[in-house]
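Letters A, B, ... mirror the listed sequences (proteins, then strands); counts begin at 1.
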Amino acid sequence: MKKNFELQLSGSGGQGVILAAIILADAAIAQGLNAVQTQSYGPEARGGASKSEVIISSEEIYFPKVRKADILLALTQNSYDKYVDFLDENGILIVDDHVKVDEDLPNKVYNLPILNSAFDKFGTRMVANIISVGAIYALLGENVIDKNIMLRSITERVPPVTVEKNIAAFNEGIKLIRG
Amino acid sequence: MNCNSTTKNYYRTEKLPHIWCPGCGHGTLLNAVVRAIEKLGLNKDEVVVVSGIGCSSRAPGYLDFNTLHTTHGRALAFATGIKFANPKLHVIVIMGDGDSSAIGGNHLIHAARRNIDLTTIVFNNNIYGMTGGQYSPTTPYGDFATTSAYGNIEKPFDLCSLAQGAGSTYVGRGTAYHTRLMQNLVEKAIQNKGFSFVEGLSICPTYYGRKNKKGDAFEMHTFYKENCVDIKVAEKDPEKGKNKILIGEFHSCPKPEYTESYQVIIDRFQGMGV
Amino acid sequence: MSNKKYKLLQGNEACVEGALAAGMRFFAGYPITPSTEIAEISSQRLPLIGGKFIQMEDELASMAAIIGASLTGLKSMTATSGPGFSLMQENIGYAAITETPCVIVNVQRGGPSTGLPTSPAQGDVMQAKWGTHGDHPVVALTPNSVQETYEYTVKAFNIAEKYRTPVILLMDETVGHMREKMIIKDPSEIEVINRKKPNCKPIEYIAFKPDKDMVPPMAAFGEGYRYHVTGLVHDETGFPTNNNEVAENLIRRLVEKIEKNIEDFSYYEEYRLEDAEVVIVAYGGVSRSAKYAVDELRKKNIKAGMFRPITIWPFLEKQIREVGLRAKEIYVAEMNLGQYFLEVERVAGKYCSVKKINKVNGELMTPDEIINSIGGNI
C-alpha cells in the first residue's frame, strides 16, 4: 500500500462526519496500522461547518493534521467551498450530488447521491455518514483495511439497535463507488 | 489556665487566648457550637470544622477536631469535598457574613441546593471586621462603615431566607445573647441529615458598634435581648413580632441528602462495566 | 475487541484512564471546552469503582472540593481550560501551602478571556508557573500524544502524592481531542505511588514536620490525627505564625522540595540531537510538527534536532544548558507569543542564538511553518 493516506471528511454539524472518521481510524489500528483522528468545529452542536480528519499510515504519525487530502468528502456546498483547497493534486473528491463542483477542478470527482440514498433507502439521513464510510473504504481498497475489520468497527461504534441498518448503509456506500 | 471540662475536652487550650476583640460576640457563639457537639457526644476524630477567612474563620484553630482554615468564601466548597469523600465525618462550617454571602454566596446557595449534609453556622456581625470595618451584605440600609461613609445604600440579605430559598432543609437563627437557643439550634442542625443553616447574630463593638453609635458590648447584647422575638411567639401574636428581629427555628423539612443519593448510584452500578 | 491490547482513544479519555490507573477516586469539575470529556467520563466511571464525581458550581469550588477530598485521603483531580484555570489559581496556592496532593488538568485553548474555546493554544505556560500569588512550588507536565497523556497522568498523581504538592497536567486542545492508538497497560506494569502516612501515635504527630526528604507524612481527616490546616503561613504544628524565620523556612522548603528533587521527574525527549546544529525546542501538540520538521530539514541537509521538555515546570535548566552548549541555533516553537522562549533564552542565550517561532491563530502550528521559519534564517 501507499505509505500513508490523508482523509478529510466534511459536512455540517450533526451529519456524523466525526463518527465516520473515528470508525475509519478505529479500523485502521485494528488492522495494525497507525491512525490519528482530529476534528475542528465551531460552537454549534448542529449546523455550521464540521471537519474531521484521519491519517492512516504504516509509520509513526507526527503531525496529526491533514496537509494535503488524498480523499476529501464534502456533504454540503459550504464544506466543499471551505475545504476544497486542501485536496492534493492527485486527490479524489467525493461530494453529495447536490454540491456544485468547480468545472475546472482537475481532480477525480465522485458525485454520489449520499443524502438521498440515506433517506430513500434507509428512511433517515442519519446514515449518510456510514454510506460515506463505505464509499471511502471502496476507494481505499481492500488491501488497506480488511472489510471484516471495517464491519467490526462500525458495529462497535454505532448504537446497538442501528447496527444492521448501518452495515447496510456501509454496503450501499461501496455500491455507489463500485456500481 | 483554669478551664471547665468542656474547654479542656474540646478546645486547644494552648492556642488561647483567642484573637477576637474584647466584647466580640464570636466567643459566645463558638461556645454554643462546642456545647452542642459535646451534648451530642460526637467522636472528636470524626468531627471536621471548616472555616473561610475573616474574624469567624479563626474559630477552628481553637478547637480540638480535624480543623481546616480555608480561603475567603470557599469553606463550603472545601467542606463539600470532605463530606462527599468521607460521609462518615460530621462536617461543621463556620463562616462570617461577608465570607458566606458575598464572596462565598454562590457556594452557599449551591451547597444548600444539593442538600449535602453540612452544618453551616454564620457568625453575622454585619461588618467586615478583620479588614477594619467595611460594609458587608448584611450591613443594614443606611448604616455606616469605613466604605459607606455616607450611609449604606445597599439592601441587606436576610441570610436565613436566602438559605431556605436555596434549599436548606434546616434553618434557624440565634444570637450571641441567646446562647441556649443557639446551642439548641446547632444541635438540631447537626442532627439534620442534610444542609443545615444557623445564623448566629454576633456583635462587633469595635467596628460596627462604634461606627453606628450602638454603644459597648453590654448595650449591644441588651439590644438583642430587647429586640429579638422567637418566631413561635410572633406566629401566635403577630403584634409581638412587629419591628423585631425574629429568632428560633424557622424551617425543618428533611429531604434526600446528597451523599446518600450518590451512594444509591454507587450501590446500583458499582462493579458494572469495569 | 476487548481482548485487544490497544484502543483508539481521545487524549481526554486517556487522561481519565491514566487517572483511574493511578488511583483517582474523586473528581470535581465544571464544564468547559475543550476539557469537558474528562469530567463526563469521570462521572461515568468513578461510581463503578466506588469513587465520587461532583459537578461543582464553578472552578473555584472544584479546586476547593478536590483539596477537601484529598485531605480525607482520596486521590483527587479536576480538569479545566484557560478561563477555569484562572479561577482555580486561588486554591492552587492553598494546595501548595497546605501540601495537599492533587492533580489539575488544563487542556489549553486560545485566550485571553473566552478567547478561542475550540482551538488549540499554549498560552498558559507562564500561568501554570506563576498563576497563583506568592512564591510556590510548581510541577507541570506536558504530554504530546494520547499514550503520553495516559502515562503522564499517572506520573502527575505519583509526583503529587510523593511530594504532597499540586501537579498540573498542561495539555492542549490538539492532544486533548486527538484520537490515536493507545496501549492499555496491565496494572502490574504501572508504578503507583501513595502518600506517606504517619507511623507515630496521634499524640506525637506534628502535622507539618518534614522528614529528611522535606515532605511531612500526611494523615487523613477521620483517622484519629486531629490537626489543623491553614492557608496562613504556619509552623510545623500547622498553626499560624508571623515568625519571620518560620515563614522563610516554610516557603523555601515548599519550593525546594520540588526543585531539589527535579532529577526525580525530569522528563524529556531528545530527537536526532547527536550532531544537531539547529535545535527546535517544542512541547505538547507543536512538538509533533517539530519532529516532522526535523526530518524534512535533515532531507535538506540541515542538521536539525528537537528537544522536547515533558516536564515543563520546574524548568529543565540542566538539559537546556546542554542543548545550548552544543547547538548553533535554538528555535523555540510554541503556540503563544514566546513564553517558554523566555526561559530557554535565559539559560541557553549565552551559548547560542535563541529565536522564537510563534502562532496564536487557533490552528496547530504546521511543520511547514517551522521549516520556513528556520529555512529563512539559514
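Interatomic distance, OG1 of B:T71 versus CD1 of C:I67, reported as 7.5 Å (0.5 Å rounding). Rounded to the nearest 0.5 Å, atoms CG (C:N91) and CZ (B:F78) are 4.0 Å apart. Within the model, atoms CG of C:L48 and CD of B:Q270 stand 8.5 Å from one another, a figure rounded to the nearest 0.5 Å. Separating the CZ atom in C:R226 from the NZ atom in B:K44 is a distance of 4.5 Å, to the nearest 0.5 Å. In this structure, CD1 on B:I116 lies 5.5 Å from CD1 on C:I54, to the nearest 0.5 angstrom. Annotation: the span from B:E14 atom CD to C:F239 atom CZ amounts to 6.5 Å, rounded to 0.5 Å.
Residue contact with chain C, scored on non-hydrogen atoms closer than 4.5 Å, is absent for B:R268. Contacts between C:Y225 and chain B at a heavy-atom distance below 4.5 Å involve the backbone alone (N, CA, C, O). Using a 4.5 Å cut-off between heavy atoms, B:L68 touches chain C through backbone and side chain atoms alike. Interface remark: C:F221 contributes backbone and side-chain atoms alike to the contact with chain B (heavy atom separation under 4.5 Å). The contact between B:T80 and chain C is made entirely by side chain atoms (from C-beta outward), counting heavy-atom distances below 4.5 Å. B:K88 does not touch chain C: none of its heavy atoms, backbone or side chain, sits under 4.5 Å away. Only the side chain of C:L74 comes within contact range of chain B, with heavy atoms under 4.5 Å apart.
The side-chain contact (heavy atoms from CB on, under 4.5 Å) with C:P47 is formed by just one residue from the set B:I265, B:D267, B:V264; it is B:I265. Residue C:E57 forms a side chain to side chain donor-acceptor pair (under 3.5 Å) with just one option from B:H110, B:R113, B:R114, and that option is B:R114.
At a threshold of 4.5 Å between non-hydrogen side-chain atoms, the residues B:T67 and C:Y227 do not count as touching. In this structure, the side chains of B:H107 and C:M56 stay at 4.5 Å or more apart for every pair of heavy atoms. Using a 4.5 Å cut-off on side-chain heavy atoms (C-beta onward), C:K52 and B:I266 make contact.
Aromatic pair B:F84/C:F26: ring centres closer than 6.0 Å.
Under a cut-off of 6.0 angstrom, the local environment of CD in C:E189 is crowded, with over 12 non-hydrogen atoms contributed by other residues, nucleotides or ligands. No more than 12 heavy atoms of other residues, nucleotides or ligands sit less than 6.0 Å from atom NZ of C:K209. Annotation: C:Y30, atom OH; neighbour count of heavy atoms from other residues, nucleotides and ligands within 6.0 Å does not exceed 12.
Of the residues considered (B:S51, B:A75, B:G73, B:A85), B:A85 shows the highest number of contacts with chain C, using heavy-atom pairs under 4.5 Å. Interface check for chain B: of the options C:L232, C:T98, C:V229, the most heavy-atom pairs under 4.5 Å are formed by C:V229. In terms of heavy-atom pairs under 4.5 Å with chain B, the best-connected choice from C:I66, C:L46, C:D58 is C:D58. Counting heavy-atom pairs closer than 4.5 Å to chain C, the top-ranked of the candidates B:N66, B:V48, B:V91 is B:N66. Put simply, of C:A65, C:G68, C:A64, the one with the most heavy-atom pairs under 4.5 Å next to chain B is C:A64. Of the listed residues C:E90, C:E223, C:Q44, C:M63, the one with more heavy-atom pairs under 4.5 angstrom with chain B than any other is C:E90. Most heavy-atom pairs under 4.5 Å with chain B, from the set C:A219, C:G231, C:G224: that is C:G224.
Scanning both residues, B:L89 and C:T72, for their nearest heavy atoms gives CD1-CG2, 4.2 Å. Nearest heavy atoms, C:H228 versus B:P60: CE1-C, 4.2 Å.
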